[in-house]
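Bear in mind that the values here come from a model prediction, so they are computed numbers and not experimental data.
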Amino acid sequence: MLQHHIEACAKVPNMKEILLIGFYQPNEELNRFLLNAQQEFKISIRYLQEYAALGTGGGIYHFRDQIVSGSPEAFFVLNADVCSAFPLTEMLSFQKEHGEPNSFVILGTTANRKQSMNYGCIVENEESNEVLHYVEKPSTFVSDIINCGIYLFNPDIFQHIGAVFQKNQQDMLLYPYDGEEPTNGWHRAEAIRLEQDIFTALAGQGKLYVYKTLSFWSQIKSAGSAIYASRLYLNQYHTTHPERLASNKEGGPKITGNVYIHPTANIDPTAVLGPNVSIGTGVTIGAGVRVRESIILHGANLQDHCCVLNSIVGWDSTIGKWARVEGTPSDPNPNDPYAKIDSETLFREGKLTPSITILGCNVTIPSEVIILNSIVLPHKDLNRGFKNQIIL
């Protein structure tokens, strides 16, 4: 997911550094990824770990010294759980033409009325594009322009976040928390939500503007949305990176629609791949294999004549001969241009919601079985088929 954010940032002229901020404990995998990305995009990339989950505003405020060192005139803030065409340079030009020199810009897009209420809603001045009113996940309809979680700020934003921090500290002195120290950190003065705490207050003050994009955008809140996001990115490659899309070649597999194949993958020419398939490094695909609407991660082995539909196959997993691994897509309504993906809960009425099938890393599926709408945790060696289950 992050590769796309980093690639978009690296394209912006005069971009000096990329900081990843999160509460996530960094591991070997992340460090290796960042090292490779630094070499590929020739830009400094660092990971800054929060000591507690500080929210969307608390994290950047906590690391404000790192962000303003080298005195940047502006910086972007991108949520990691979105996929987008990331029109960052367009946001920069928009900012120069709108509002005072120190105004902030939110990237917005249009949703349908019903779904807009699951997002941050923006009421704008249609002439100036100023944000007049901002409501996070309203209970009734407010606006069909929603917040994409991609912002253009300048160091002035820290004064506004600082004011909320001081107010939180005052409140905690006035109304001290009486129980045990809560573990989730939401009762800290430093835990600040950019959307509810900052945007709601800034709206209507001539400081906040919305740049509406017509290009694709989706949030990625569930595994099912990863396959949809992958489709949006592969589709974008037609214009941005046509060389990344596979084509039908003599002696190669049959390709239908958009397919990405890593050069190190080993694929039998009788396999049929696509549409919307992404094949990672060192993947082996046998004779007569069919893969559609799926992501196959590195080192996976798909044996002869197996069939993989609407699924994510984890690293180094093996799918036996003639096995069928299938999920249920959770795509937005294709007939509504403004429909977004619904973030499905994992369970509905005590049953697992039908969604894509996910195999964790190093899972083995035996020959001639069916795995349907299931989630298989890592390192499982299955000996039969499963339907609508989480296999712990």
Side-chain angles (χ1 to χ4, degrees), residues 1-92 95 104-107 148-155 157-158 161 190 194 215 217-220 226 229-230 232-234 236-237 240-241 243-244 260 262-264 278 280-282 295 297-298 315 361:
M1 284 159 69
L2 293 172
Q3 176 89 9
H4 298 282
H5 294 65
I6 292 172
E7 193 169 325
C9 290
K11 282 197 184 106
V12 176
N14 303 321
M15 181 67 75
K16 288 287 175 278
E17 183 171 41
I18 296 172
L19 301 174
L20 275 65
I21 298 179
F23 180 45
Y24 175 79
Q25 183 72 38
N27 59 11
E28 195 43 49
E29 195 85 40
L30 182 71
N31 295 333
R32 195 166 53 237
F33 166 72
L34 295 181
L35 206 64
N36 291 342
Q38 275 199 114
Q39 290 162 350
E40 183 182 345
F41 299 110
K42 314 213 171 356
I43 186 167
S44 154
I45 306 176
R46 291 186 295 139
Y47 179 69
L48 305 175
Q49 188 189 1
E50 302 171 349
Y51 61 93
L54 297 178
T56 47
I60 60 171
Y61 186 67
H62 181 67
F63 290 113
R64 60 193 180 279
D65 294 351
Q66 301 269 3
I67 295 171
V68 300
S69 76
S71 48
E73 56 186 70
F75 61 94
F76 287 97
V77 173
L78 294 76
N79 280 306
D81 60 353
V82 300
C83 81
S84 171
F86 297 115
L88 305 181
T89 44
E90 293 88 324
M91 288 172 76
L92 274 170
Q95 195 274 338
F104 312 124
V105 180
I106 300 180
L107 183 70
C148 292
I150 298 167
Y151 315 121
L152 173 56
F153 291 148
N154 56 64
I157 193 75
F158 294 123
I161 304 177
E190 312 86 289
L194 214 41
S215 54
W217 177 86
S218 174
Q219 62 173 10
I220 309 178
S230 190
L232 297 176
Y233 280 132
L234 287 173
Q236 185 198 23
Y237 284 169
T240 57
H241 292 284
E243 76 286 352
R244 290 183 188 173
Y260 168 81
H262 194 273
T264 57
S278 175
T281 48
I295 298 171
L297 295 171
H298 71 71
W315 306 292
C361 67

> For residues I295 and A226, report the shortest heavy-atom separation together with the two atoms involved.
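That closest heavy-atom pairing would be CD1-O, 3.9 Å.
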> Report yes if the side chains of E7 and F86 come closer than 4.5 Å at any heavy-atom pair, otherwise no.
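No. Closest side-chain heavy atoms not under 4.5 Å.
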> Please tell me if the side chains of Q236 and L232 come closer than 4.5 Å, counting only heavy atoms from C-beta onward.
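Q236 does not reach L232 side chain to side chain.
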> Using atom types as modelled and distance alone, determine if a side-chain donor or acceptor of H5 lies under 3.5 Å from a backbone N or O of N79.
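A pair under 3.5 Å: yes.
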> Nearest 0.5 angstrom please: F41 CZ to K11 NZ, how far?
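Here the interatomic distance stands at 8.0 Å.
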> With a 3.5 Å distance limit and no angle check, can you tell me whether Y233 reaches the backbone of M1 through a side-chain donor-acceptor pair?
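Such a contact is absent between Y233 side chain and M1 backbone.
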> Between T56 and L194, is there a donor-acceptor pair closer than 3.5 Å when you use the side chain of the first and the backbone of the second?
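At least one qualifying donor-acceptor pair exists.
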> Measuring from H4:NE2 to S230:OG, what's the distance to the nearest 0.5 Å?
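Reported to 0.5 Å precision, the distance equals 7.0 Å.
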> Quick one: are I60 and Y151 in side-chain contact, heavy atoms under 4.5 Å?
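No, their side chains stay 4.5 Å or more apart.
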> So, for A37 and I45, which heavy atoms are closest and what is the spacing to 0.1 Å?
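Heavy atoms of A37 and I45 come nearest at CB-CD1, 3.7 Å.
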> If you look only at distance, which donor and acceptor atoms sit under 3.5 Å apart when one is on a side chain in residues 65-74 and the other is two or more places apart or in another chain?
{"from": "Q66", "atom 1": "OE1", "to": "R46", "atom 2": "NH1", "distance (Å)": "3.1"}
{"from": "Q66", "atom 1": "OE1", "to": "R46", "atom 2": "NH2", "distance (Å)": "3.0"}
{"from": "S69", "atom 1": "OG", "to": "Q66", "atom 2": "O", "distance (Å)": "3.2"}

> Report yes if the side chains of L34 and P26 come closer than 4.5 Å at any heavy-atom pair, otherwise no.
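With C-beta onward as the side chain, the pair stays apart.
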> I need the I157 CD1 to R64 CZ distance, nearest 0.5 Å.
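Going from the CD1 atom of I157 to the CZ atom of R64 covers 13.5 Å.
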> Determine whether the aromatic ring centres of residues F75 and F158 are separated by less than 6.0 angstrom.
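Yes, the ring of F158 comes within the 6.0 Å limit of the ring of F75, centre to centre.
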> Do I150 and L88 come close enough that some side-chain heavy atom pair is under 4.5 Å?
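Answer yes - side chains close enough.
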> Is there a donor-acceptor pair under 3.5 Å between the side chain of E190 and the backbone N or O of G58?
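No, E190 side chain to G58 backbone: no donor-acceptor pair under 3.5 Å.
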> Is there a side-chain contact between Y47 and L30 (heavy atoms, below 4.5 Å)?
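Side chain of Y47 against side chain of L30, heavy atoms only: contact under 4.5 Å found.
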> Kindly compute the distance separating OG1 (T281) from CH2 (W315), expressed to the nearest 0.5 Å.
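One gets 11.0 Å once the value is rounded to the nearest 0.5 Å.
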> Are side-chain heavy atoms of L107 and P87 found at a separation under 4.5 Å?
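Yes; the side chains approach each other to less than 4.5 Å.
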> Holding to side-chain contact (heavy atoms from CB on, under 4.5 Å), I want the full list of residues that pass it with E243, two or more places apart in sequence or in another chain.
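With sequence neighbours excluded, E243 shows a side-chain contact (heavy atoms from CB on, under 4.5 Å) to H241, given in chain and number order.
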> Where do G282 and T264 come nearest, in terms of heavy atoms and distance?
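Answer, listing the atom of G282 first, then T264: N-OG1, 2.8 Å.
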> Measuring from atom CZ of F153 to atom CD of Q95, what distance do you get when rounded to the nearest 0.5 angstrom?
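F153 atom CZ to Q95 atom CD measures 11.5 Å (nearest 0.5 Å).
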> For side-chain contact (heavy atoms from CB on, under 4.5 Å), just list the numbers for C9 and I43, CA-CA rounded to whole Å, side-chain angles, deciding distance to a tenth of an Å, and then say yes or no.
CA-CA 10 Å; C9 290; I43 186 167; over 6 Å; no
> Which heavy atom of Q49 sits nearest a heavy atom of F63, and at what distance?
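Of all heavy-atom pairs spanning Q49 and F63, the closest is O-CZ, 3.3 Å.
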> So, taking the atom named CD1 in I6 and the one named CD in Q38, what distance separates them when rounded to the nearest 0.5 Å?
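Going from CD1 on I6 over to CD on Q38, the span is 9.0 Å.
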> So which heavy atom on I220 is nearest to which on A229, and how close?
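Looks like CD1-CB, 3.7 Å.
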> So, for M91 and L152, which heavy atoms are closest and what is the spacing to 0.1 Å?
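Result for this residue pair: O-CD2, 3.6 Å.
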> Does N27 have more than 12 heavy atoms from other residues, nucleotides or ligands lying within 6.0 Å of its CG?
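Yes.
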> Do side-chain atoms of Y61 reach the backbone of L54 as a donor and acceptor pair under 3.5 angstrom?
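No.
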